[in-house]
Amino acid sequence: MLVGIIGKPNTGKSTFFNAATLLNVPMASYPFTTISPNFGVAYLRAKCVHTALGVKDSPVNSLCVNGWRLIPVKLVDVAGLVPGASEGRGLGNKFLDDLRQADALIHVVDASGSTDEEGRICPPGSRDPLQDVEFVEKEVDMWLRQIVSRDFARMARSSESGTGKLSAMLGERLSGLAINESQIIEAMQGAGVKADKPTFWTDEDLLAFCKELRLLSKPTLLAANKADLATSRANIERLRQSGRLVIPCASEAELLLRRASTKGLVEYTPGDPDFRVAPKDGLSPSQLSALELVRERVLKSWESTGVQQAINSAYMQLLGAVVVYPVEDEHKLSDKKGNILPDAYVMKRHSTARDLAYTIHSDLGDSFLYAIDSRKGTRLGADYPLKDSDVIKIVSTAKRG
Ligand SMILES: Nc1nc2c(ncn2[C@@H]2O[C@H](COP(=O)(O)OP(=O)(O)O)[C@@H](O)[C@H]2O)c(=O)[nH]1
Ligand SMILES: [Mg+2]
């Protein structure tokens, strides 16, 4: 799974990305290497099961900090969108490819209204962030329309003459976007277009269909950034009233806290409602007052900086992901080396016990026999749907070292 950050320029996308991908504790091994600078590793914050299970854990593929499991997940900072982007303005293939790969989106908005539609600085409160939201969404719709309309007339004709099925042909066209035929049928219904009369579709029908496709294939939340600025509050309320999922954010504050934490100057776990100045006294008066401002304008007002909450919501709410802990010894809850609850995996919605086996190793998937729920000691079949916080042993015929 991959979450992408989108938005117009200067809303704080890179600040958000830099904050979300910075962590003070180095990890032994990353499950994925990053291939380009705008791809990074962020962390999902999940209540670790070790407390409830009454054990002391020794994490390997993730971290456990103050009872929170921080599990690596992928994040991509997609380049900024300006009005007209889908017609080629400032939109490279790289942008489209990054967007295509994302399973869900965090749309970073300048909630303070202090940047115009192209991202130029303007007086705080003078730009309506809801308009930004709408134009960025429309650009994504139009980009989808370009893909859909390529060869659409021919597909429409052959569908009406019975030589092909439109949903199947579109399914092939959109498979690279991880959009399947049943979603296409759903999008046609959602848009209220006639599936059996595609040659009659108007431009508006096509765009309405693409909007539905976007909602299905790129579930999105709004990170209402710059929440530390006074003009943001009323705008955040308005954004919420639009019915979208909105998370107030202060990316710059999160970056400050994570950097201070990296240097051991504050105690702060990403997503916390507050921080503590570390006993080691290394903060200058100006650093102290900057941190105090973060506490006053962000943490006390919004409960957190929102960056971690946005990552969590993107994976857990938008994508319905679950966190599962595979173990090799279901009694000790350990791997072969004796590490307790070594790994935590973020799995897609509807993943099964066999999917988990494949995620660990393809051999384990191929030779899967059954799984064991370590809490109940019961056997689980290959199709068992994984639940959040499951601790599971996979039993297979494979001999693994
Ligand atoms: N007040 C405030 N400014 C922010 C925040 N996040 C980012 N900025 C500022 O917004 C500007 C643009 O940030 P950047 O991350 O480069 O935006 P991008 O173009 O969307 O990647 C910079 O001057 C940041 O310092 C925030 O949470 N609060
Ligand atoms: Mg940027």
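Worth knowing before you read on, the calculation uses all heavy atoms, side chains too, and leaves out hydrogens, waters and symmetry mates. As the structure lists them, so they are numbered: ligands from 1, and atoms in each ligand from 1. Residue numbers start at 1 and run along the sequence shown.
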Quick one: do the Q131 and R127 side chains pair a donor with an acceptor below 3.5 Å?
yes
Polar side chain donor-acceptor pair, S334 to D329, under 3.5 angstrom
no
Without swapping roles, check the side chain of E328 against the backbone of K393 for a donor-acceptor pair under 3.5 Å.
no
Would you confirm whether K218, through its side chain, and L99, through its main-chain N or O, come within 3.5 Å as a donor-acceptor pair?
yes
Nearest protein heavy atom with distance in Å, relative to [atom]:
{"atom": "atom 8 (N) of ligand 1", "result": "E252 OE2, 3.7 Å"}
{"atom": "atom 11 (C) of ligand 1", "result": "N10 OD1, 3.6 Å"}
{"atom": "atom 27 (O) of ligand 1", "result": "S251 N, 3.0 Å"}
{"atom": "atom 16 (O) of ligand 1", "result": "S14 CB, 4.3 Å"}
{"atom": "atom 17 (O) of ligand 1", "result": "G12 N, 3.1 Å"}

What atoms in ligand 1 come closer than 4.0 Å to a heavy atom of [X]?
{"X": "D228", "result": "1 (N), 2 (C), 26 (C), 27 (O), 28 (N)"}
{"X": "L229", "result": "1 (N)"}
{"X": "N225", "result": "5 (C), 6 (N), 7 (C), 27 (O)"}
{"X": "K13", "result": "15 (O), 17 (O), 18 (P), 19 (O), 20 (O), 21 (O)"}

Close side-chain approach of L386 to V322, heavy-atom, < 4.5 Å
yes
A253 near ligand 1, heavy-atom distance under 4.0 Å?
no
Salt bridge (charged side-chain N to carboxylate O under 4.0 Å, His left out) with K165: which of E181, E160, E172?
E181
Which of these, D116, D110, T115, sits in a side chain to side chain donor-acceptor pair (under 3.5 Å) with K8?
T115
Filter on ring-ring contact (aromatic ring centres under 6.0 Å, His included), then keep only pairs touching residues 192-218, sequence neighbours left out; what's left?
F152-W201, W201-F209
Mind checking side chain to side chain contact (heavy atoms under 4.5 Å, CB included) for P342 and listing every partner two or more places apart, or none if nothing turns up?
V60, D335, N339
By ring pair (Phe, Tyr, Trp, His ring centres under 6.0 Å) - contacts of W302 (at least two apart)
none
Nearest neighbour of atom 15 (O) of ligand 1 from the list D77, T15, I5, on a heavy-atom basis:
T15
Anything protein N, O or S sitting under 2.8 Å from the Mg ion (ligand 2): count it and give me the total.
1
Should the pair R258 and Y268 be classed as cation-pi, given the thresholds of under 6.0 Å to the six-membered ring centre and 45° from the axis?
no
